[in-house]
Amino acid sequence: MYNSRMEAVTGAKPLFRTKKRQRAWEVDFLRGIAVLAMCFDHCMFDCAHPWSFFSNFFEVENSFAEKLYTFARWYWDSGGDYVSGFRFWGHVVFIFLFLFIVGMSCAFSRDNARRGALCGVAAFLFTGISFICKAMGFMQHGIIFGILDCIAMSILIVTALDNLTKWNKYVNLYAPLVAGIIILSFAIANKAWYGVVRDGEFTDAHFLGYMFGTHAFGDDWFGLFPYIGFVFMGMYWGKAAYWHRSSLLPKLDGKWNKPFTFVGRHALITYFVHQVVIAGIIMAVGLCIGYSM
């Protein structure tokens, strides 16, 4: 509001809105890379199991399809090598990146309880969809405690720790770092990624184990241990480096990163639709080069 001399009245709302706070584009960029890596990983799984799509895959000769199948098999089989497996370490790196950014986003958000609850609803819906796909023969097991469940629970747990440590600003800042270091150090020392008991069939007695990480079951399993350690580390970094909640690299922002930041801003939608899109492309290309369903 202004008086008769057009002087600003103290305490009044501004006549025009101030410029919107700059978004930390690099966070969306890194999240986009992690999501696209997930899409590539799932695409390689589909290409490594072509008989799930085409009944005559081994009867039709096509050099491109055969080379793609050979590469996909090599990529997917390398996931079991803890020492030098390309897929194993690539999977660890990109899962770390994705969950680390989840933790950073917790530091940015003013309503993490709502974010965690919404993610939990999305996880519940996706679990239901996965069992429909299992009934239709598109999935082997379905999803019991997948990445969305892990993210939802991690957000709520990290938020609880944040609220419990607000009595001291230094404790509040460093508590996530300490928790993350303890969890990941224990995981590395005990090779937690290999120490999990994987069940061939769902067992009610192991349900809490599926949640906390002692037992694994399903097509997309991510128990809280040790993955919540990545979220704790991200929470610390978000608090320490992004206390102003804006980009650290504003001068590097530009059109070159838009495809990645777009995917990063729409990660949940991408997660829901990417398998359908990938399967659709594989089936369309396969039918065009002579394969049959």
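For reference, positions follow the sequence shown, starting with 1.
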Donor-acceptor pair, side chain of [X] and main chain of [Y], under 3.5 angstrom:
| X | Y | answer |
| --- | --- | --- |
| Asp111 | Arg114 | yes |
| Trp51 | Phe57 | no |
| Trp25 | Leu249 | yes |
| Glu26 | Leu248 | yes |
| Asp149 | Ala123 | no |

Pair [X] and [Y], ring centroids less than 6.0 Å apart:
| X | Y | value |
| --- | --- | --- |
| Phe29 | Phe260 | yes |
| Phe207 | Phe145 | no |
| Phe100 | Phe230 | no |
| Trp221 | Tyr210 | no |

With the 4.5 Å side-chain cut-off for hydrophobic clustering, are Ile182 and Val171 part of the same group? no
Does Asp162 have any salt bridge (Lys or Arg N to Asp or Glu O under 4.0 Å) partners at least two apart in sequence or in another chain, and if so, which?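 Partners of Asp162 by the salt bridge (Lys or Arg N to Asp or Glu O under 4.0 Å) criterion, ordered by chain and then number, come out as Lys239.
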Does a side-chain heavy-atom distance below 4.5 Å link [X] with [Y]?
| X | Y | answer |
| --- | --- | --- |
| Met233 | Pro176 | no |
| Phe272 | Ile129 | yes |
| Val263 | Leu36 | yes |
| Phe94 | Trp89 | no |
| Leu148 | Leu268 | yes |
| Asn112 | Val158 | no |
| Ile144 | Thr127 | no |
| Phe98 | Met38 | no |

Nearest 0.5 Å, please: how far is [atom2] in [Y] from [atom1] in [X]?
| X | Y | atom1 | atom2 | value |
| --- | --- | --- | --- | --- |
| Ile147 | Ile95 | CD1 | CD1 | 4.5 Å |
| Cys106 | Ile157 | SG | CD1 | 11.0 Å |
| Cys39 | His274 | SG | NE2 | 5.0 Å |
| Phe45 | Arg87 | CZ | CZ | 9.5 Å |

Kindly assign one of parallel, tilted or perpendicular to the pair Tyr75 and Phe71, based on the angle between their ring planes and the thresholds 30° and 60°. parallel
Given Phe222, Phe232, Phe96, the one that forms ring-ring contact (aromatic ring centres under 6.0 Å, His included) with Tyr227: Phe222
Establish, from distance only, whether the side-chain atoms of [X] and [Y] form a donor-acceptor pair under 3.5 Å.
| X | Y | value |
| --- | --- | --- |
| Asp253 | Asn257 | yes |
| Asn62 | Tyr291 | no |
| Thr261 | Asp28 | no |
| Ser105 | Arg31 | yes |

All pairs passing ring-ring contact (aromatic ring centres under 6.0 Å, His included) where residues 154-175 contributes a residue, at least two apart: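 Found Tyr174-Tyr236.
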